[in-house]
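Input: a single structure, listed below in structure tokens.
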Amino acid sequence: MRKPYALPLSVLLSFLLAPLVLLAPAASRAQAADNGSWSVYPFATQLSARPYFILSADPGTTVRDKVTLTNKTGAPLAFRLYAADAYNTVRDGGFAVRTAKERQREVGAWARSARSRVTVPAHGSVTVPFTLRVPERAEPGDHAGALVALDERVDVGSGAVAMGVQRAVGARIYLRVGGPTVPALAVEKVHISHHQPLVPGTGTSTATITYTLHNTGNVTLDPRVRLKAEGLFGRTLLSRGLTRIPAELLPGQRVRLSEPWRGAPQLDWGDVTLTASAQGTRQSASTSFLALPWLVLALVLAAALGGAVVIRARGGRGWPWTPGAPRGRVRPWPLRGRQGRARPSVPAPPSPPELSTPSRRRSSPSVRP
């Protein structure tokens, strides 16, 4: 029975690409991108060896160069040769290139090799010319990509269900299009999360700081990031340079990074500031934090909840309430003055009717004899 396997839509590629040193002097020999079975590198003579393609051109011009493929195995190898755009991986900012099935927009769309299918004999090499035509409306600045030699055979691993893998090796292309260059770097979405023991003082408190580095300019940057944390009253809790950042950040790329903080405070209130810098640019971003042990937080929440219940209960029954007022509505106590507490007026009983005095009948005037 045939072994089932899965091949993802975005084919897994093992790109072994030469490291980037933009301002490094030329090496004594070409440093090929190599996976142990074959390598890809810029064509060069003994006097002009180069580890990768560094090209410059103005909009509307064409650059011509050559790429060499070397087979290190004892059998012929057939490759698909294509150009691809480069990008920074979201996870760690590593240099990666698009697959052959993805849409190419820059270097991958501008570069064309003279042959798209290349067969390299055992222990042999083949050199293929290629052209790179820069469009008239190409954006000035840096554009990165690679010339990729893809082995279209699918390697199936062991096991009941195996993952199909295609391997590829690419030689990096760094192209600078003539025009104004603007280095710009931004720090975005700074967040801190705490991991504290339940009972204060019984364990180590840690925190994880996450942030996004965004190259908002049009040149490749070599960023440096510094982390600073301050507590109450401006106390410095942490200050250090970060090392787990990409060696290069391509134009327009965003990378989400994280930094652990061991020994973070268990009870404090302050700010965390990240400052990113590169040649010609510097930017900072901050976020506030409140470190509170879980036990203390639970007690505070329980006390607040208990107080809310008591207030609600008193508002319904035992709180000052005036007869005649609807339940749940509270009337304030009357103000107290010097005469003491005011009392509600009570209607006085009706007074008894007054007896009228009978009037004497007036006698007629006497008549004198």
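Remember, it's a predicted structure, so these values are computed and weren't measured experimentally.
Contact of the R244 side chain with the P260 side chain is registered, since non-hydrogen atoms from C-beta on lie closer than 4.5 Å. Counting heavy atoms from C-beta on, the side chains of Y82 and L150 come closer than 4.5 Å. When side chains are defined from C-beta on, L77 does not count as touching T119, because their heavy atoms never get closer than 4.5 Å. In this structure the side chain of V118 reaches within 4.5 angstrom of the side chain of V128, judged on heavy atoms. Looking at heavy atoms from C-beta onward, P265 lies in side-chain contact with L237 at the 4.5 angstrom threshold. Counting heavy atoms from C-beta outward, V272 and E230 have side chains that stay 4.5 Å or more apart. Side-chain contact between L81 and R117 is absent, with no heavy atoms from C-beta onward closer than 4.5 Å. Two residues are said to be in side-chain contact when any heavy atoms from C-beta on lie closer than 4.5 Å; T243 and I245 fail this criterion.
Heavy atoms only, all atoms of each residue included: R172 and Y52 are closest at O-CB, 3.6 Å. Across S286 and T273, no two heavy atoms sit closer than the pair OG-OG1, 2.8 Å. Residues V107 and A84 approach most closely at CG1-O, 4.4 Å, considering heavy atoms. When all heavy atoms are compared, the tightest approach of T281 to A184 is OG1-CA, 3.6 Å. When all heavy atoms of T70 and S125 are compared, the pair lying nearest together is OG1-OG, 2.9 Å. Looking at every heavy atom in both residues, P246 comes nearest to L257 through CD-CD1, 3.8 Å.
Side chains of R282 and T275: no donor on one and acceptor on the other come within 3.5 Å. Side chain to side chain, T68 and T127 meet the donor-acceptor criterion of an N or O pair below 3.5 Å. Between the side chains of D58 and T61, no donor N or O sits under 3.5 Å from an acceptor N or O. A side-chain N or O of S288 and one of D271 form a donor-acceptor pair less than 3.5 Å apart.
R256 forms no cation-pi arrangement with Y211, by the criterion of a distance under 6.0 Å to the ring centre and an angle within 45° of the ring axis.
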Next item on the list: Apply the test salt bridge (charged side-chain N to carboxylate O under 4.0 Å, His left out) to residues E152 and R167: give CA-CA distance (whole Å), side-chain angles for both, the deciding distance (0.1 Å), then the verdict.
Entry: CA-CA 8 Å; E152 295 185 302; R167 295 192 301 164; over 6 Å; no
Note to self: Set out, in order, the CA-CA distance, both residues' side-chain angles and the distance that settles salt bridge (charged side-chain N to carboxylate O under 4.0 Å, His left out) for R240 and E259, then state yes or no.
What the structure shows: CA-CA 11 Å; R240 68 167 181 247; E259 182 69 19; 3.2 Å; yes
Next item on the list: Show your reasoning for whether side chain to side chain contact (heavy atoms under 4.5 Å, CB included) applies to V120 and F79.
Entry: CA-CA 8 Å; V120 183; F79 301 103; 3.8 Å; yes
Next item on the list: Could you give me the CA-CA distance, side-chain angles and deciding distance for L242 and L274, then say whether side chain to side chain contact (heavy atoms under 4.5 Å, CB included) is met?
Entry: CA-CA 10 Å; L242 307 187; L274 286 161; 4.0 Å; yes
Next item on the list: Could you walk me through whether V154 and V165 pass side chain to side chain contact (heavy atoms under 4.5 Å, CB included), step by step?
Entry: CA-CA 5 Å; V154 178; V165 178; over 6 Å; no
Notebook entry, point to check: After noting the C-alpha distance and the side-chain angles of V63 and R133, does the key distance pass the side chain to side chain contact (heavy atoms under 4.5 Å, CB included) rule?
Noted result: CA-CA 6 Å; V63 178; R133 294 181 174 87; over 6 Å; no
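Here the straight-line distance linking atom CZ of F43 with atom NZ of K66 works out to 5.0 Å at 0.5 Å rounding. One finds the CG atom of L185 at 5.5 Å from the CG atom of L213 (value rounded to the nearest 0.5 Å). For the atom pair CZ of R262 and OG1 of T208, the computed distance is 9.0 Å after rounding to the nearest 0.5 Å. Atoms CD1 and NE2, from I209 and H194 in turn, are 8.5 Å apart once rounded to the nearest 0.5 Å. Annotation: the span from Q283 atom CD to H214 atom NE2 amounts to 12.0 Å, rounded to 0.5 Å. From K228, atom NZ reaches atom OG of S239 across 6.0 Å, with rounding to the nearest 0.5 Å.
T131 places no side-chain N or O within 3.5 Å of a backbone atom of R64 that could act as its donor or acceptor partner. A distance-only check finds no donor-acceptor pair linking the side chain of D65 to the backbone of P42 [under 3.5 Å]. Within the 3.5 Å criterion, the main-chain N or O of R115 finds a donor-acceptor partner in the side chain of S113. Side-chain atoms of N71 come within 3.5 Å of backbone N or O of A75 as a donor-acceptor pair. Counting only distance, with no hydrogens or angles, the side chain of N218 and the backbone of G252 share no donor-acceptor pair below 3.5 Å. Without hydrogens or angle criteria, N215 side chain to L250 main chain gives a donor-acceptor distance under 3.5 Å. A donor-acceptor pair is defined here as one N or O able to donate and one able to accept, closer than 3.5 Å; no such pair exists between the side chain of R176 and the backbone of V219. With hydrogens and angles ignored, the 3.5 Å screen pairs no side-chain donor or acceptor of E188 with any backbone N or O of T212. Proximity of a side-chain donor or acceptor of T210 to a complementary backbone N or O of S258 within less than 3.5 Å is not detected.
A ring-centre distance under 6.0 Å is found for F130 and F53.
We find that D85 and R103 are not joined by a salt bridge, their nearest charged nitrogen and carboxylate oxygen being 4.0 Å or further apart.
Just one residue in the list T220, L221, N88 forms a side chain to side chain contact (heavy atoms under 4.5 Å, CB included) with Q253, and that residue is N88.
Below 30°, between 30° and 60°, or above 60°: for F95 and Y174 the angle between ring planes is between 30° and 60°, a tilted geometry. Ring orientation note: the planes of F289 and W261 are nearly perpendicular, at an angle over 60° on the 30°/60° scale.
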